[in-house]
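Following: one structure in structure tokens, then a few remarks.
Letters A, B, ... are given to chains in the order of the sequence lines, protein chains preceding strands, and every chain is numbered from 1. These values consider heavy atoms only, across backbone and side chains, with no hydrogens, waters or symmetry-generated copies. Small disclaimer: the values here were computed from a predicted structure and weren't measured.
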Amino acid sequence: MATKSKTKPLVDPEDAKKALVAKYPAKVGRRRAQQMVAAPGADGDIPEVTSNVRTIPGILSMRGCTYAGCKGVVLGPTRDIVNLVHGPIGCSFYAWLTRRNQTDASAPTAENFMNYAFSTDMQDNDIVFGGEKKLKAAIREAYAIFKPKAIGVFATCPVGLIGDDVHSVAREMKEELGINVFGFSCEGYKGVSQSAGHHIANNGLFKHIIGNDDTNTGGKYRINMLGEYNIGGDAFEIERLFTDCGITLVSSFSGNSTYDQFATSHTADLNVVMCHRSINYVAEMMETKFGIPWIKVNFIGADASAKSLRKIAAYFEDKALMDKVEEVIAREMPEVEKALAEVLPRTTGKTAMLFVGGSRAHHYQELFKELGMTTVAAGYEFAHRDDYEGRKVLPSIKVDADSRNIEELHVEKDPERYRARKSEEDIKRLAAQGLTFKDYEGMIPEMDKNTLIIDDLNEHEAERLIELYKPDIFCAGIKEKYGIQKRGVPLKQLHSYDYGGPYAGFKGAVNFYVEIERMVNSKIWGYVKAPWQENPELSARYAWE
Amino acid sequence: MLLRHTPTEITERSALVINPAKTCQPVGAMYAALGIEGCLPHSHGSQGCCSYHRSALTRHYKEPVMAATSSFTEGSSVFGGQANLLQAINNIFTVYNPDVIAVHTTCLSETIGDDVPQIAEKARQEGKVPAGKYVINASTPSYVGSHVTGFSNMCLGMVKGLAVKTGKKNGKVNIIPGFVEPSDMEEIKRLAAEIGVPITLFPDTSGVLNGPLTGKFRMFPKAGTPVEALKGVGEAIGTLAMGEWASADAARYLDSEFKVPCRVLDLPIGLAATDRFIDALRKIAGVAVPEKIEFERGQLVDMISDQHQYFYGKKVALAGDPDQLIALTEFLVSMDMLPIHIVTGTPGKKFEGRIRELTKDMGRPVNVRGPGDMFLLHQWIKNEPVDLLIGNTYMKYIARDEDIPLVRHGFPILDRVGHSYFPTVGYKGGLRLAEKILSALLDRKDRDSPESSFELTL
């Protein structure tokens, strides 16, 4: 089997940038150039990446809308809330089971509404005369049939424009039905991407559910896992590790979650944050109101998973937990190492590009590193500067008009329920030992010098990148997949995992190694040209007797 | 159970739709626009619409689906989307250089009242539309009709935006194929060619959404209805519109504005509907039906008669689009099957009447609803079980819970391939559909037969 001995030399990032923007109208080129930077390497100064800015009309962006971020991403994975979409039929239809959030509703009494799509299916009459009456009727009908403990109402584009007030309707229905009903003003046009929807969802969770039930559900080492959406069963794998370590998962936000988990989540003693972009708001607000510290973790990559488990153990400062964590890591690693040894000869030296999400383009670099592959270019679809440059830039981020119209909740210490889990001294001491709180260093520090970082990549730039870098694999989403593959480059979907997974934790890492080895060495790429296309000259003819 | 909360008892709902049997107009408009050669569909609204539609079509076809968006922000929603669309048109022609941009609206741009034809005209006046290039448009508010309506409106948009009045006749017949697969469009072209009828098929997604892997990406594949052909649809001798819901509006517009007479036919799915299509082509061409086509017809009749015992009396529940459901129902009835529960999400007064007419001799009542949803269909099934389901991939949740075989048909099919390569229209398509139905029923029979009566030959 042929193995590349070393990685291809990197393209000069400045040359690459020029090539990427060359075809644009001048103004567009200038704007896009600000969203591209070369990685400075481990010791270099972190450059500013313009991000969380408007998508340029007519450029084939990967981004979706605020509604997708709110209903699709954050609230979608919770199984026992009836998520009612107020709007024309499409918005509910497209968010119907398309994000692969798995859930375990196997308990005999478990409620699971995730396989249903609920919509008010607004018609032109509702647009002209208002849709609040229909929304109320729909909520009553949903309650009559399903008797859920909670109903979430999601506003789509026309709802905001015609002035339907989903919040007042929700309040009225809450009163009338005696269950929790809450609204989200997540019209698609708000903000510049899905990211605004995450924020709106975080606010809604915090205002309407978190802290509703003070019951301590018991267990030791009680944590919440934030920003893990159980795509392809990732959360199941992480839950398995927590269970084996004796760590109690109070609530997940929001993979494999339930309403009651959210309601009691403020009784946990630590928040661990996976996807910083989509859920840091909840982590921050829970710390301010209830005194729960948060740390960044990453369960993508075997080494990263081990590191994250150790961080949790370090936080609780409990020898028994630390020992258990080491025992679990020691138990899991042999299988990982065996799988890696098998694929490494066929993956080492290959190159990858990752353009996806708000954290995955960072997290998955861990797995490619383990595979001996170099990430030559990466970027997020909808992240902010702090996800690239680290949270230390937060004070310097200018709030523009698009961000300003997303509500910032004013949160204060809860007079009765605030309980500092760690004293300031403890936090300082732990930080000195390397356990940093409220911190995320972002993608850039981990990227090799002179690799390329591009925010909000589009179709045109993806095409240029492939021509320039000829990567062995490209990671993005469904819209990008087949266009990239037509060019002979395999594309791994990192939203849906191409219907595979899990890729989190140790078993997930093994799955990913096998999957990437399959993709970069698939025989089919050798058949793209027919034999006569390789040798088009007709040099001989059959001489039939 | 996946749909564990669906009760058998049916309560009427006035406001709540659960598990829709339709989606919104713009995705149909986007699909239709992809059937124009060198065309980039453009969604005038929030970028999420475009993202969702591209994703849905990509999952269905496993092919690149290129489309642009005006990327509305809150500001554009308040002040109008003109600036966004002008910028988009300029960027698209500069960067991607299509021959045509086909703009469809969304609920957002419709609600604020953006005048797309006026904005497109302004773009032209400002020099943002290069010479020989076109910006066409369709009004596709998501709160009217369904994805089928959007397809129909974009077909109308093609005629309005491109057809030229010359007063001449080009001797061709327009065929509007309806919201069918690329494979079906290819098959319609083949049948017309066999009979010798020169046609303009529009739209034509064959070769666009079932293309080859060559190592080279073509953003605009060499396929689709050429712009020149669309410019000539007003010179045709007639139009055949396949399906009242998806195709009739454009055909009637050609009739009234261009004096091109039209006939609206059912989709040529199954024996009788294909017979009517072939008969229409024969009469247009003034020729006898070629033996080759009679041979294909004979094969289909042969297969159904050979296997009739397995089709006979089997109860079927269907969800889908009106044009498809009408043709499928007629086909099932012709095989002595019993389509007893039928739902479409697409509104339209004539639907229930057509289904009742087609099933009136079945000798038993039929549940039919348009517009209805899959939740209602599931409840009907719980009240009277069936032997087979026909519908899109979302039906597999019902199929698994109720343990009923499913034949995938319609939009979207997210979990199987084949629909983009193998047609279900025409006699050959009928053969494929009958084979799929038969295989589903016989696989079930093989699974369920006791060992003592397990059969080798069926």
Contacting moiety of A:I484, where chain B heavy atoms sit under 4.5 Å: neither
Residue pair A:D126, B:Y143: steps toward the side chain to side chain contact (heavy atoms under 4.5 Å, CB included) verdict: CA-CA 9 Å; A:D126 306 316; B:Y143 44 77; over 6 Å; no
For B:R13, all residues meeting side-chain hydrogen bond (donor to acceptor under 3.5 Å, both in side chains), sequence neighbours excluded: B:D373
A:F146 and B:H5 aromatic ring geometry - parallel, tilted or perpendicular at 30°/60° bounds: perpendicular
For chain B, the option from A:C157, A:G483, A:G188 that forms the most heavy-atom pairs under 4.5 Å: A:G483
From CD (A:Q194) to OG (B:S51), nearest 0.5 Å: 6.5 Å
Region of A:A105 that comes under 4.5 Å of a non-hydrogen atom in chain B: both
Residue B:R400 excluded, over 12 heavy atoms near CZ under 6.0 Å: no
Note, A:W96 side chain near B:N19 side chain (heavy atom, < 4.5 Å): yes
Among B:L414, B:N84, B:L40, B:I112, residue most engaged with chain A (heavy-atom pairs, under 4.5 Å): B:N84
Structural part of B:T58 lying under 4.5 Å from a heavy atom of chain A: both
Mutual orientation of the aromatic rings belonging to A:Y94 and B:Y52 [parallel < 30°, tilted 30-60°, perpendicular > 60°]: parallel
A:I145 side chain near B:F375 side chain, heavy-atom distance below 4.5 Å: yes
Options B:R54, B:Q25, B:M374, ranked by heavy-atom pairs under 4.5 Å with chain A, top entry: B:R54
Residue, of A:P88, A:G87, A:G69, A:A95, that accumulates the most heavy atom pairs under 4.5 Å with chain B: A:P88
Chain B contacts, top residue of A:T66, A:V28, A:N112 (heavy-atom pairs, under 4.5 Å): A:N112
Other residues, nucleotides, ligands: >12 heavy atoms within 6.0 Å of B:K382 NZ: yes
Any donor-acceptor pair under 3.5 Å from B:N91 side chain to A:P57 backbone: yes
Heavy-atom pair count under 4.5 Å with chain B, highest-scoring of A:K23, A:E141, A:K147: A:E141
Winner by heavy-atom pair count (cut-off under 4.5 Å) against chain A, out of B:M1, B:K62, B:H42: B:K62
Part of A:N115 within contact of chain B (heavy atom distance under 4.5 Å): both
Atom group of A:S61 that falls short of 4.5 Å from chain B, counting heavy atoms: backbone
Atom pair CZ/CD1 of A:F113 and B:I18 - distance to nearest 0.5 Å: 10.5 Å
Worked verdict on B:R59 versus A:T98 for side chain to side chain contact (heavy atoms under 4.5 Å, CB included): CA-CA 10 Å; B:R59 290 186 185 113; A:T98 47; 3.6 Å; yes
Residue, of A:E480, A:M62, A:E459, that accumulates the most heavy atom pairs under 4.5 Å with chain B: A:E459
Validation row: B:N90, A:P25 side chains within 4.5 angstrom (heavy atoms): yes
Reported OG-to-OH distance for the pair B:S109 and A:Y189, which is rounded to 0.5 angstrom: 13.0 Å
4.5 Å side-chain heavy-atom contact, B:V95 and A:L60: no
A:I127, part contacting chain B, at a heavy-atom distance under 4.5 Å: side chain
Contacting moiety of A:A530, where chain B heavy atoms sit under 4.5 Å: neither
Check: A:Y116 side chain, B:L3 main-chain N or O, donor-acceptor pair, under 3.5 Å: yes
Distance in Å, B:L57 CG paired with A:I478 CD1, rounded so as to fall on 0.5 Å steps: 11.0 Å
A:Y499, OH: over 12 other non-hydrogen atoms inside 6.0 angstrom: yes
B:S146 OG to A:D121 CG distance, which is reported to the nearest 0.5 Å: 10.0 Å
Set of residues satisfying side-chain contact (heavy atoms from CB on, under 4.5 Å) with respect to B:P347, sequence neighbours excluded: B:P371
Side chain proximity check, B:L213 to A:W525, heavy atoms < 4.5 angstrom: yes
Top of B:M219, B:K216, B:K22 for chain A proximity - count of heavy-atom pairs under 4.5 angstrom: B:K22
Gap between atom SG of B:C50 and atom NZ of A:K479 - 0.5 Å precision: 8.0 Å
Heavy-atom donor-acceptor pair, A:K486 side chain to B:G211 backbone, under 3.5 Å: yes
Close contacts, residues 131-138 of chain A versus chain B, judged by heavy atoms under 4.5 Å: A:K134, A:A137, A:A138
Residues of residues 64-71 of chain B within contact distance of chain A, non-hydrogen under 4.5 Å: B:P64, B:M66, B:A67, B:A68, B:T69, B:S70, B:S71
Residue among A:E111, A:K481, A:K529, A:E463 with most heavy-atom pairs under 4.5 Å to chain B: A:E111
Near-ring test B:Y394/A:F93, centroid separation under 6.0 angstrom: yes
Residue, of B:Q87, B:E9, B:H147, B:E63, that accumulates the most heavy atom pairs under 4.5 Å with chain A: B:E63
Interchain contact, A:V192 with chain B, by part (heavy-atom threshold 4.5 Å): backbone
Part of A:R487 within contact of chain B (heavy atom distance under 4.5 Å): both
Which portion of B:P141 sits near chain A, non-hydrogen atoms under 4.5 angstrom: neither
For chain A, the option from B:A83, B:S77, B:P26 that forms the most heavy-atom pairs under 4.5 Å: B:S77
Under 4.5 Å from any heavy atom of chain B - which part of A:M114: neither
